[in-house]
Trainee: 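Below is one structure. I have some questions about it.
These numbers come from the heavy atoms of this one structure, side chains and all, not from hydrogens, waters or symmetry mates. Numbering of ligands and ligand atoms starts at 1, following listing order.
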Amino acid sequence: MLTKREELFGGTPDEYLSHKEKYENSTRKAVILFSLLRKIQEENNTDLTNYRNLLSGVLGASISQDGSPFGLHYIMFMPVFMSQADEEQQERWLHRALNCSIIGSYAQTELGHGTFIRGLETTATYDPSTQEFVLHSPTLTSYKWWPGGLGNTANYCIVIAQLYSKGECHGIHSFIVQVRDEDTHMPLPGIKVGEIGVKMGLNAVNNGFIGFENVRIPRTNMLMKHAKILEDGTYVKSKNSKLIYGAMVFVRVVIVFDSVNYLAKAITVATRYSAVRRQSQLKEGEPERQILDYVTQQDKILTAIAGCFAMKMNARMLWDTFNVINDQLHKGNMERLGELHALACCLKAISTSDSSLFTARCRVSCGGHGYMVSSTLPATSALTTASCTYEGDNTVLLLQTARFLLKTWRQIDTGPLTPTVEYLKTVSAPGFSYKWENSIEGIIRGFQIVSMKKISSCLNLMTAKVMSGMSQADAWNTISIQLVSAGESHCRAIVISTFHEDMSKAMRSMSASLAEVMGQLVELYAVYWTLERLGDLLEYTSISGADVVKLRSWYEELLRKIRPNAVGLVDAFDIIDELLQSTLGAYDGRVYERLMEEALKSPLNAEPVNQSFHKYLKPFMQGKL
Ligand SMILES: CCCCC/C=C/C(=O)SCCNC(=O)CCNC(=O)[C@H](O)C(C)(C)COP(=O)(O)OP(=O)(O)OC[C@H]1O[C@@H](n2cnc3c(N)ncnc32)[C@H](O)[C@@H]1OP(=O)(O)O
Ligand SMILES: Cc1cc2nc3c(=O)[nH]c(=O)nc-3n(C[C@H](O)[C@H](O)[C@H](O)COP(=O)(O)OP(=O)(O)OC[C@H]3O[C@@H](n4cnc5c(N)ncnc54)[C@H](O)[C@@H]3O)c2cc1C
């Protein structure tokens, strides 16, 4: 009898399964894991914080490196339902979604549109004579494309469609739609649904497509917590049209936590392997050194560790900010929605792009063995690069942050600013003076000044271009590279200052030795990004060449100090071998034995001579083909 753990993590490695077998195996595992989750929910009545933890990448990545066919049910279907459905609708469906008696997906993106959601083509036209909506996909490009779990798993989904009533279009709204028969799982009439095919990664997520041929759903299937359609077709506007976007903010918050979890996996593998792997002699005649002793290796890995801790603290800050503002939104106070959206956008963008960058570095830092699927690094790399796209392409999200920053800058003298942007007032105040200093505080100030000056410069450029006769839209597009850069600088200033402030608070309750290591991580993160962004700092601050020389020495000294604690730092992530799923990162360090054990699982090693020899090779080598 297999234990739950053996059932979850045993069996043929996914990499040797077909696309279809991989999905079926992931569904088998998901059922085991989500049965356990369902029990937790029933016992603990999972609150939003627990809920978010369940969603984190550990859940997604733990079932298989390729994600889970149930992921979207938890990550989007439920949160969107909780934020967009009215009480009656929640009464009708939410408990069924919570106990997984229905499995949902979230269908917003179409073949022809992902970013520009106001351009979505799927229509929901209200028919007052039957009090129904008619869902229709008018073109091939209107087919929903990408929704996780939609291919073969979900029997319901939330569909985002352009709402028409009394001949008028009211823009995009959310509808719950039954996709498959609850008993037979057959697609319902008028519905064409399927799976989109093999992807770069996440091949167990079961991303699907769906098209509607005049499918009728009851009026009450429109999620009506905000906007409504009355029985006669009268449209009742939402208090704020942006509330329909709310779920995307929540998921972006979850994704910041995800990016931390994915990066933690990658650096655990790379750090442990770098401690086991010995290669080359530093000095003639000496034994080969651990590759972690090479400073170039430390440059790749220790900065990733610092980045992981930094983003973890920022994920918690974002979560706390989300909860504060979400409570205000529930009370009808929309004042900080724009700030939350901008913060979620830039932190999602920066956390996922950093995670993708550092994960790729971890892969390369493990040499050839890092290219083995059994190392888990290729799959983690494929996961992190996907996160730069889903839930909003990073470039587009940084432009959203820039849009908020320019709006904020225009109003800089009209009153107090909200917390995440109040530094703009400080560093632009008359009489404020700043001389670069090589310290954490000096670096934070420097990044804040860079951000402020980039925002100011963008606004001046926009104004000048519009004054010269260029349209607002063309001016925006022309300087959009600088706008993205302003959004990134603003975010980096927030990440460094949050890391420093929150870690300083946490260090007060640490032992002196632990606090010293944590302080070194904060310094390493700040000095690393200072060296990475020297161009900006030289343009906008008084940093000098001499300062840079000292910064480089400071950086190398920090690598030397942190090196002895590298393995301890990643062990602290406490990712068990079954979740790590890595021949290079297993806790016992038996790298070579595990590489060989995994290799022997290849079906090509089942027999000494493969049939292709007799069918192809031998006749070819004998000149008979
Ligand atoms: C854990 C892994 C799970 C993976 C599952 C993946 C799921 C998905 O990928 S679901 C699909 C996700 N898709 C997106 O994220 C689409 C990204 N595109 C957008 O969000 C929007 O199209 C846009 C923001 C890029 C542009 O929308 P548009 O309406 O054209 O916006 P404007 O730039 O004109 O601004 C309008 C106005 O609305 C505010 N706003 C926009 N988005 C939000 C939001 N999410 N929350 C709050 N407010 C939002 C924006 O700030 C503007 O406000 P003002 O400046 O005050 O006018
Ligand atoms: C693994 C994965 C899972 C997904 N799961 C789901 C899901 O469950 N449900 C769902 O609805 N969707 C899902 N998506 C779709 C995802 O949300 C979209 O891919 C994403 O929103 C980007 O849209 P797009 O693919 O159309 O790219 P596009 O918007 O076409 O972007 C392509 C390029 O154009 C640029 N661009 C686009 N607009 C602008 C602009 N205004 N200014 C400047 N540059 C611009 C972008 O920066 C990018 O470089 C998933 C995607 C992936 C990869």
Side-chain angles (χ1 to χ4, degrees), residues 52 55-57 59-61 66-68 71-77 79-80 83 104-120 122 141 144-151 154 157-160 171-172 196 199-203 205-210 240-259 261-262 322 325 329 334 336-345 348-349 352 382-408 410 473 476-477 480-481 483-484:
R52 187 215 65 221
L55 292 189
S56 76
L59 165 72
D66 279 309
S68 163
L72 251 289
H73 175 75
Y74 277 86
I75 289 165
M76 293 211 75
F77 181 76
V80 172
S83 67
S105 181
Y106 180 80
Q108 173 176 299
T109 303
E110 296 173 353
L111 258 177
H113 288 92
T115 289
F116 186 56
I117 53 184
R118 284 185 289 140
L120 293 174
T122 303
T141 50
K144 295 299 180 183
W145 187 276
W146 277 111
L150 186 62
C157 78
I158 287 171
V159 175
I160 310 299
I172 56 170
I196 65 172
K199 305 178 293 284
M200 179 177 175
L202 287 169
N203 280 299
V205 170
N206 193 230
N207 300 90
F209 65 81
I210 190 167
N240 183 316
S241 60
K242 299 163 192 167
L243 288 171
I244 184 171
Y245 294 140
M248 287 189 277
V249 177
F250 171 75
V251 179
R252 287 167 190 156
V253 173
V254 170
I255 290 172
V256 179
F257 281 93
D258 266 8
S259 64
N261 289 321
Y262 294 145
F322 170 81
I325 298 174
L329 294 179
M334 303 289 169
R336 292 188 65 193
L337 175 58
E339 178 192 19
L340 174 63
H341 168 51
L343 184 63
C345 280
K348 183 272 182 186
T352 53
L383 266 169
T384 50
T385 190
S387 64
C388 296
T389 298
Y390 59 59
E391 209 49 55
D393 161 83
N394 284 353
T395 301
V396 164
L397 296 185
L398 285 170
L399 286 169
Q400 283 294 298
T401 300
R403 176 185 173 124
F404 169 75
L405 292 171
L406 261 61
K407 227 168 104 176
T408 301
R410 284 191 191 94
W476 175 270
N477 190 33
S480 53
I481 295 169
L483 288 164
V484 168

Trainee: Kindly indicate whether atom 25 (O) of ligand 2 is approached by any protein heavy atom to under 4.0 angstrom.
Mentor: no

Trainee: Which residue and atom name correspond to the protein heavy atom nearest atom 36 (N) of ligand 2, and how close is it?
Mentor: Val396 CG2, 3.9 Å

Trainee: Considering heavy atoms of the protein only, find what lies nearest to atom 6 (C) of ligand 2 and give residue, atom and distance to 0.1 Å.
Mentor: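 Here the nearest protein heavy atom works out to Trp146 O, 3.7 Å.
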
Trainee: Provide, to 0.1 Å, the distance between atom 8 (O) of ligand 2 and the closest protein heavy atom, together with that atom's residue and name.
Mentor: Gly148 N, 3.0 Å

Trainee: Please list the nearest protein heavy atom to atom 31 (O) of ligand 2 with its residue and the distance rounded to 0.1 Å.
Mentor: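 Going atom by atom, the protein heavy atom closest to atom 31 (O) of ligand 2 ends up being Thr115 OG1, 4.2 Å.
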
Trainee: Using a 4.0 Å cut-off to any heavy atom of Leu72, which atoms of ligand 2 qualify?
Mentor: 8 (O)

Trainee: Which of the atoms of ligand 2 are close to Leu399, meaning less than 4.0 Å from one of its heavy atoms?
Mentor: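 So the atoms of ligand 2 that pass are 42 (N), 43 (C).
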
Trainee: Specify side chain, backbone, both or neither for Asn207, according to which of its non-hydrogen atoms lie closer than 4.0 Å to ligand 2.
Mentor: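 Asn207 to ligand 2: side-chain contact only, backbone stays beyond 4.0 Å.
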
Trainee: Go through ligand 2 atom by atom and flag the ones less than 4.0 Å from a non-hydrogen atom of Thr109.
Mentor: 10 (C), 11 (O), 12 (N), 13 (C), 15 (C), 16 (C), 17 (O)

Trainee: Please work out, at 4.0 Å between heavy atoms, whether the side chain, the backbone, both, or neither of Lys199 comes within that distance of ligand 2.
Mentor: neither

Trainee: I'd like to check whether Thr109 has a polar contact with ligand 1, where a contact means an N/O of the residue lying under 3.5 Å from an N/O of the ligand.
Mentor: no

Trainee: Does the protein put a heavy atom under 4.0 Å from atom 12 (N) of ligand 2?
Mentor: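 Within 4.0 Å: yes, protein heavy atom nearby.
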
Trainee: Looking only at distances, can you tell me whether any N or O atom of His113, backbone or side chain, sits closer than 3.5 Å to an N or O atom of ligand 2?
Mentor: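 Min N/O separation from ligand 2 is not below 3.5 Å for His113.
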
Trainee: Are the side chains of Met248 and Gln108 in contact, using a 4.5 Å heavy-atom criterion?
Mentor: yes

Trainee: Using a strict 4.0 Å cut-off to heavy atoms of Glu391, name the atoms of ligand 2 that fall inside it.
Mentor: 17 (O)

Trainee: Pairs of nitrogen or oxygen atoms closer than 3.5 Å, one from Trp145 and one from ligand 2: do any exist?
Mentor: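 Between Trp145 and ligand 2 (N or O atoms, distance only) the closest approach is not under 3.5 Å.
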
Trainee: Considering only heavy atoms of Gln108, which atoms of ligand 2 have at least one such atom less than 4.0 Å away?
Mentor: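 Reading through ligand 2 atom by atom, the close ones are 11 (O).
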
Trainee: Among Ile158, Leu202, Asp393, Asn203, which residue places a heavy atom closest to atom 48 (C) of ligand 2?
Mentor: Asp393

Trainee: For atom 4 (C) of ligand 2, which of the options Trp476, Tyr106, Tyr390 provides the nearest non-hydrogen atom?
Mentor: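 It is Tyr390 that holds the nearest heavy atom.
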
Trainee: I need the nearest protein heavy-atom contact for atom 19 (O) of ligand 2: residue, atom name and distance, please.
Mentor: Thr389 CG2, 3.5 Å

Trainee: Relative to atom 20 (O) of ligand 1, which among Arg252, Gln400, Met334, Glu391 owns the nearest non-hydrogen atom?
Mentor: Arg252

Trainee: Under 3.5 Å, N or O to N or O, is Lys407 touching ligand 1 that way?
Mentor: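 Checking ligand 1 against Lys407, an N or O pair does fall under 3.5 Å apart.
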
Trainee: Is there at least one protein heavy-atom neighbour under 4.0 Å from atom 34 (O) of ligand 2?
Mentor: no

Trainee: Taking only residues two or more places apart in sequence or in another chain, which ones pass ring pair (Phe, Tyr, Trp, His ring centres under 6.0 Å) with Trp476?
Mentor: none

Trainee: Below the 3.5 angstrom mark, is there an N/O of Leu337, backbone or side chain, next to an N/O of ligand 1?
Mentor: no

Trainee: Establish whether atom 43 (C) of ligand 2 and some protein heavy atom are separated by less than 4.0 angstrom.
Mentor: yes

Trainee: In terms of relative ring orientation, are His73 and Phe77 parallel, tilted or perpendicular, with 30° and 60° separating the classes?
Mentor: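 Judged by the thresholds at 30° and 60°, the geometry between His73 and Phe77 is parallel.
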
Trainee: Tell me, which protein residue and heavy-atom name are nearest atom 7 (C) of ligand 2, and how many Å apart are they?
Mentor: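 Of the protein heavy atoms, Pro147 CA, 3.5 Å lies nearest.
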
Trainee: Should one rank Cys157, Gly114, Gly71, Cys388 by closest heavy-atom distance to atom 23 (O) of ligand 2, which comes out on top?
Mentor: Gly114

Trainee: What pairs with Phe209 under ring pair (Phe, Tyr, Trp, His ring centres under 6.0 Å), at least two apart in sequence or on another chain?
Mentor: Trp145

